[in-house]
Structure formats: C-alpha cells, structure tokens
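The structure under discussion appears below in the form of structure tokens.
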Amino acid sequence: MNSKTASKFRSAESPTRLVIAVGIATMFASSSALAADPKLEISGQINAAMLFGGDIADPEIVDNNASGTRLRVRGSRDAFGTQRAFLRYEFQAQENSSSGAVDGSESFDTRFAEVGLRGGWGSLSLGKGEGATDGTAEISYQVSGNLFGGGHLPLITVADTLNRDNVSNVGYNYYDGFGRVSRLRYDSPKMWGFTAAASVDSGDRNELALRYRDNVGPGKLLGNLGVADSSDGNNDRNMLGVGYRHNSGLSFSYSYSDRTQFAAPDLESQLLSFNYEINKWTFSVDVGDQGVDGENEVMNVGFVYKDSKPLHFYAAYTTFDNADGSDLDAFFVGARYTFAADIL
C-alpha cells in the first residue's frame, strides 16, 4: 500500500473510529443508569499554529503535534463495593499535522482505549494507554504546567517539522519511555510522597517507574525515575527527571535519558528548563544536548498566555546546533482551545 492509498484508508477509517467512540459512551451511559454516582465526560481540544524557518520556505499552518486536536470520552462507575471502574477512549484527528507539515500530512490515531479498576490498593488498567515510564523525562511540563512555551514538547514539534532531511538529528523524539502502548499497567497508592508503576507491554517489553510529589519548603518537589526494557536489549531506555516549583512562580527542572542501539552508538539526551509564571503569563528558557556524546545542542525560549481556562496562546523560538552542520532556527506561534462537557 503506497502512502497516498494509506492516507485515504486512514481518512476513511477515522469516521468509523469516532462512531465507535460514541457507541462506547452510549453503552457506558446505559449500563451506568442504575449505578451509584456514574460519571461520563466528553472533552477534547483544537490546537492550531504557524511555523516559520527550517526546511519550510513559507510559513506553514499546522495542527500542533505537541498536543494535537483530539476528542476523548472518560467514564467511571462504582464496582465491587468500594472500587471504581473506569474507561478512557481518546482519538486524535489532525489535518496538516506539524509532524509532517512539509508533506501536508494527516494524522489519525487512537491515543487511548483502556478500561480499569481503582481503589485504596491503587489502580489496574488494560488496553492502549501510557506505559509505566511515559512522562518520566517530561518533567519540565509537570513542574511548570507550561506545555507550549518551553520544555521538550516544542522541541519535538520544531524538530519533526523543520529538520526532516536529517533524521538522525530530529530532536527529542527518543527523549522519554515507550510512550502510549498496548499494556497491562499497575499504579500503587501514594505513600510518603512516592508512587510506583509497572507495565507489561505488547512486543515483549516491560517498564518500571518511581515518582515523587510533595511540598518541600516554600514550594513543591517533583522527581521521576524510569526503566524501559525490551526483550532483545535493543532500544532499552533509562530516564531521570527532577524539578522544583517555588510558590513565587519560579520553577526549574532537569531531565536525562539514555537509549541503547545495536546497530548504532547509544544515545543520550538532557534538558535544563527554567520557567517563571506571573498572572496569566508563563515564560521559559530551555537548554539541552543530545546524541552520542551530546554533540547536538538546542536552545528554546517561549511563553504561554492563558486568556482563560480553555484558551491558551503561545509562541516559541528554537535553535538547533548540530555537529554535522545541519543547524536550524525556527519560530512558531499558535493557540489551543479545550472543551469538556459532563454527560452524567
């Protein structure tokens, strides 16, 4: 199947997936009618941006792949006495996704399709969702709440879109764990600020993570550790993230990850981020390096303006200084609007 045929197939398939999502929601609502305190929510977002620089000759209007346009259904109901059953289905539908903006690409993807059970013992979830280590190196966003102005997500967006002729140095695509996968995942209850997670993933892969969240002094301390292993030892990953958010609005974070490769040298990434929040504004500066010996360097500056809870405006400037001379400078500006409605 060639790329054009595959694109048409995905386009035709996407309405079917949306129908399935609505069907799941309807069945959950009807089955929950007799349950105590059932909940069902439909939510989502639209995220549009303009990209300048890199391999793009003219400004490109894109759906920002850092957090793309999507629709989700989430529900929960009482089960087994004191337990709570839950579901989540989330579907991403992007026209001219920034991950392939040069080609005018489309992106249709089921991000989540999971069911689970939670209680005082923790939670257990089955289906497609976040592996246990997902987010362990993404500490910059978790500390600052600044999704677009700084941190690794804008780096992914810019590198994917603007540096497509140099796939060995596309940025921070390998920065975290295995991401969203089909898996069985367990999360422990919080004890002394710590939570643990483990997942058994499809493809004979396993993940373990330890997270810390607690108030320390005049702020909040966050820490993540993650180990993601594959059966053959290729593409194994280790992640570390630590950050502190001061009550004044100032925050900082540091992330490190490494990845093994059989056919090429092992890779390393690290990123240091600073953020400052004042009123509706959040400003950020990020510096990092990646590669075999940190030979590829990156710097990012940006801001987010929160006009209201659902509406955010953002902009960022990113520069990559790669060892092979494939440097680039890029700027993007955009807006994201989120929505949510309780059905039950």
Side-chain angles (χ1 to χ4, degrees), residues 74 76 79-86 88 112 114-147 150-153 172 174-201 205-230 236-259 268-275 277 286 288:
R74 303 182 74 166
S76 66
F80 304 107
T82 60
Q83 312 303 305
R84 192 78 176 172
F86 63 89
R88 178 173 181 176
F112 290 86
E114 64 177 348
V115 296
L117 189 68
R118 59 174 175 261
W121 47 270
S123 68
L124 191 68
S125 56
L126 178 67
K128 184 175 182 180
E130 296 169 334
T133 64
D134 192 32
T136 49
E138 298 174 2
I139 195 74
S140 58
Y141 165 63
Q142 297 163 23
V143 172
S144 68
N146 184 1
L147 184 59
H152 84 287
L153 288 174
Y172 285 77
Y174 51 78
Y175 192 65
D176 204 25
F178 294 143
R180 291 179 302 277
V181 293
S182 296
R183 82 292 187 258
L184 174 65
R185 171 171 170 167
Y186 169 74
D187 289 83
S188 75
K190 189 174 183 178
M191 298 180 64
W192 304 293
F194 290 95
T195 57
S199 64
V200 178
D201 305 344
R205 300 183 296 184
N206 302 292
E207 302 180 58
L208 291 172
L210 182 67
R211 295 174 172 87
Y212 179 84
R213 305 284 188 276
D214 212 345
N215 295 323
V216 176
K220 187 173 184 178
L221 179 65
L222 298 83
N224 300 328
L225 286 173
V227 177
D229 291 329
S230 54
D236 290 351
R237 307 181 184 195
N238 301 294
M239 287 75 62
L240 164 70
V242 61
Y244 187 78
R245 180 180 177 85
H246 194 272
N247 294 335
S248 64
L250 181 65
S251 63
F252 71 90
S253 63
Y254 172 77
S255 299
Y256 171 84
S257 69
D258 62 60
R259 167 183 166 186
E268 296 182 350
S269 298
Q270 56 182 342
L271 184 69
L272 182 63
S273 300
F274 298 92
N275 287 265
E277 182 177 355
D286 313 281

**Prompt:** Where the side chain of Ser255 meets the backbone of Ala137, is there a donor-acceptor pair that is under 3.5 Å apart?
**Reply:** yes
**Message:** On a heavy-atom basis, which atom in Ser199 and which in Ala132 lie closest, and how many Å separate them?
**Reply:** OG-N, 3.1 Å
**Request:** Please list all pairs passing the salt bridge (charged side-chain N to carboxylate O under 4.0 Å, His left out) test where one or both residues lie in residues 123-137, with sequence neighbours left out.
**Result:** Asp109-Lys128
**Asked** side-chain contact (heavy atoms from CB on, under 4.5 Å) between Arg118 and Ser76: does it pass, once the steps are laid out?
**Response** CA-CA 10 Å; Arg118 59 174 175 261; Ser76 66; 4.0 Å; yes
**Request:** Any pair with a residue in residues 186-196 that passes salt bridge (charged side-chain N to carboxylate O under 4.0 Å, His left out), sequence neighbours left out, goes on the list, sorted by first then second residue, please.
**Result:** Arg185-Asp187
**Request:** Working to the nearest 0.5 Å, report the span between CZ of Arg245 and CG of Leu222.
**Result:** 10.0 Å
**Asked** Which distance, rounded to the nearest 0.5 Å, do you find between the CG of Asp201 and the CZ of Arg180?
**Response** 13.5 Å
**Asked** Nearest heavy-atom pair of Glu207 and Gly131: which atoms, and what distance?
**Response** OE2-CA, 3.5 Å
**Prompt:** Between Arg237 and Ser230, is any side-chain donor less than 3.5 angstrom from a side-chain acceptor?
**Reply:** no
**Request:** Could you tell me which non-hydrogen atom of Pro189 sits nearest to which non-hydrogen atom of Trp121, and how far apart they are?
**Result:** CD-O, 3.2 Å
**Summary of side-chain hydrogen bond (donor to acceptor under 3.5 Å, both in side chains) pairs that have at least one residue in residues 209-225, sequence neighbours excluded** = Gln142-Arg213, Gln142-Asn224, Arg213-Asn224
**Request:** For Leu250, check side-chain contact (heavy atoms from CB on, under 4.5 Å) against everything at least two apart and list the hits.
**Result:** Ser248, Tyr276
**Request:** Can you see which heavy atom on Ala228 is nearest to which on Phe178, and at what distance?
**Result:** CB-CE1, 3.5 Å
**Request:** Compare every heavy atom of Leu225 with every heavy atom of Leu240, then report the nearest pair and how far apart it is.
**Result:** CD1-CD2, 3.6 Å
**Message:** Within the 3.5 Å criterion, strictly below it, is a donor on Asp229 or Asn206 matched to an acceptor on the partner's side chain?
**Reply:** no
**Prompt:** How many angstroms lie between OH in Tyr256 and CD in Glu268, if you round to the nearest 0.5 Å?
**Reply:** 3.5 Å
**Item:** By salt bridge (charged side-chain N to carboxylate O under 4.0 Å, His left out) - contacts of Arg205 (at least two apart)
**Value:** none
**Request:** Under the side-chain contact (heavy atoms from CB on, under 4.5 Å) rule, collect the residues that match up with Ala196, sequence neighbours excluded.
**Result:** Ser188, Leu210
**Asked** Got a second to check how far Thr136's OG1 is from Leu208's CG, nearest 0.5 Å?
**Response** 11.5 Å
**Prompt:** What's the spacing between Glu277 CD and His246 NE2 if we round to 0.5 Å?
**Reply:** 14.0 Å
**Prompt:** Does Tyr186 reach the main-chain N or O of Gly122 with its side chain, forming a donor-acceptor pair under 3.5 Å?
**Reply:** no
**Message:** I need the minimum non-hydrogen distance between Tyr254 and Leu272, along with the two atoms involved.
**Reply:** CB-CD1, 4.2 Å
**Request:** Drop me the distance from Ser273's OG to Asn275's CG, to the nearest 0.5 angstrom.
**Result:** 6.5 Å
